[in-house]
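Below is one structure; the comments refer to it alone.
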There are 6 protein chains.
Amino acid sequence: MPIVTVSGPRITLEQKREMVRGLTEVAAEVYGRPPGHIIVIIQENEPENVAISGKLAVDRQAKSS
Amino acid sequence: MPIVTVSGPRITLEQKREMVRGLTEVAAEVYGRPPGHIIVIIQENEPENVAISGKLAVDRQAKSS
Amino acid sequence: MPIVTVSGPRITLEQKREMVRGLTEVAAEVYGRPPGHIIVIIQENEPENVAISGKLAVDRQAKSS
Amino acid sequence: MPIVTVSGPRITLEQKREMVRGLTEVAAEVYGRPPGHIIVIIQENEPENVAISGKLAVDRQAKSS
Amino acid sequence: MPIVTVSGPRITLEQKREMVRGLTEVAAEVYGRPPGHIIVIIQENEPENVAISGKLAVDRQAKSS
Amino acid sequence: MPIVTVSGPRITLEQKREMVRGLTEVAAEVYGRPPGHIIVIIQENEPENVAISGKLAVDRQAKSS
């Protein structure tokens with residue numbers, strides 16, 4: 001059973017519904033498997049736990065505001 | 001050092017103790033390593049962060065109740 | 001930058017193209033980010049490295065043939 | 001569906017069978033789920049891709065021989 | 001874009017800043033890429049979710065105190 | 001024991017040595033743990049298994065040449 005993991009910022013319950021619906025559709029189609037064989041896991045990262053260019057997201061946001 | 005990661009629903013502290021004891025025993029035995037070389041990490045996923053068949057666990061539960 | 005990881009059986013290069021195109025479109029749409037902010041990683045698992053119900057995929061296939 | 005991922009050195013097919021049988025049994029028991037709901041993924045790391053104490057496994061082995 | 005994931009105990013915001021600065025510098029240097037191409041994700045594990053030798057960190061701490 | 005996983009393109013053995021030395025030093029320093037407590041895992045992704053902007057790395061390279 002293929003597993004799709006999506007790691008990103010916090011999203012709402014409604015966005016999660018859309019996300020898992022869409023990702024499952026794509027994966028089922030490409031693998032040629034029924035949607036019931038596709039697992040999706042959402043990981044929400046706090047802005048103080050993700051960095052690009054050596055700078056935490058929480059610090060980038062503060063700077064740009 | 002082998003690492004066993006188990007990703008599933010929330011469990012109690014007592015279940016976690018059983019889980020890491022059991023998984024460590026199996027991994028140590030199969031790898032032929034002492035238990036002190038086996039790391040176990042438990043990841044607990046909220047029902048709104050896991051989906052099968054494009055449907056979040058939180059929505060499946062609601063439907064079946 | 002959100003990261004989508006898809007873990008499943010081996011697929012062809014053409015299937016990979018379709019996969020990353022589709023997953024990126026969904027993630028970009030739901031997160032409200034440009035596609036250039038979405039990373040996709042494909043992990044291909046050999047049938048002898050995945051199991052359901054305690055049985056390796058390679059052994060299930062053999063049995064069903 | 002809980003997912004158990006085990007990351008360690010290369011093992012034989014027979015060891016993989018034992019591993020997934022054992023890990024599945026433990027996880028099914030602790031989660032109170034049927035074994036058919038447990039997925040196991042084995043990741044094999046080359047000795048040049050794992051390090052402890054800042055030293056690759058491949059270099060530790062060479063040194064100790 | 002290379003991704004560095006660091007999984008360990010809880011740390012302070014200041015430690016996170018140091019961590020992502022240092023890891024990004026090393027990865028950028030070794031890959032020969034600009035720091036803006038390096039993503040770092042921090043995962044903080046609760047002491048009841050990590051075990052060595054089949055014993056949860058939370059139980060080890062209690063014992064040693 | 002903290003675990004640092006670095007996922008990127010293929011690198012040479014010498015680059016791997018530098019990588020694990022550097023990442024371990026940073027993690028040991030920030031966590032305040034001895035280097036012997038730090039595990040590093042290197043994951044090398046083929047250019048046909050990574051995408052940004054919905055385009056595989058292998059196709060980006062071909063295009064730019």
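Quick note on labels: first sequence line is chain A, next is B, and so on, each numbered from 1. All values below were derived from every heavy atom in this structure, side-chain atoms included, with hydrogens, water molecules and symmetry-related copies excluded.
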Margin query: Are there over 12 heavy-atom neighbours, none belonging to D:E25, within less than 6.0 Å of that residue's CD?
Written below: no
Margin query: Just checking C:E29: does its CD atom have more than 12 heavy atoms from other residues, nucleotides or ligands closer to it than 6.0 angstrom?
Written below: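 Atom CD in C:E29 is not crowded, with 12 or fewer foreign heavy atoms closer than 6.0 Å.
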Next item on the list: Would you mind telling me which of D:I3, D:I38, D:I11 has the largest number of heavy-atom pairs within less than 4.5 Å of chain C?
Entry: D:I38
Check: Which bit of D:I39 is near chain C, if near means a heavy-atom gap under 4.5 Å: side chain, backbone, both or neither?
Finding: both
Notebook entry, point to check: Does any heavy atom of chain C fall under 4.5 Å from the side chain of D:E44, the backbone, both, or neither of them?
Noted result: side chain
Notebook entry, point to check: Between atom CG of C:D59 and atom CZ of D:R17, what is the distance when rounded to the nearest 0.5 Å?
Noted result: 4.0 Å
Check: Nearest 0.5 Å, what's the CG-OG1 distance between C:N49 and D:T5?
Finding: 11.5 Å
Next item on the list: Kindly give the heavy-atom pair with the smallest separation between D:I41 and C:S7, and that separation in Å.
Entry: CD1-OG, 4.0 Å
Margin query: Tell me the closest heavy-atom pair linking D:V20 and C:K55, and the distance in Å.
Written below: CG2-N, 4.4 Å
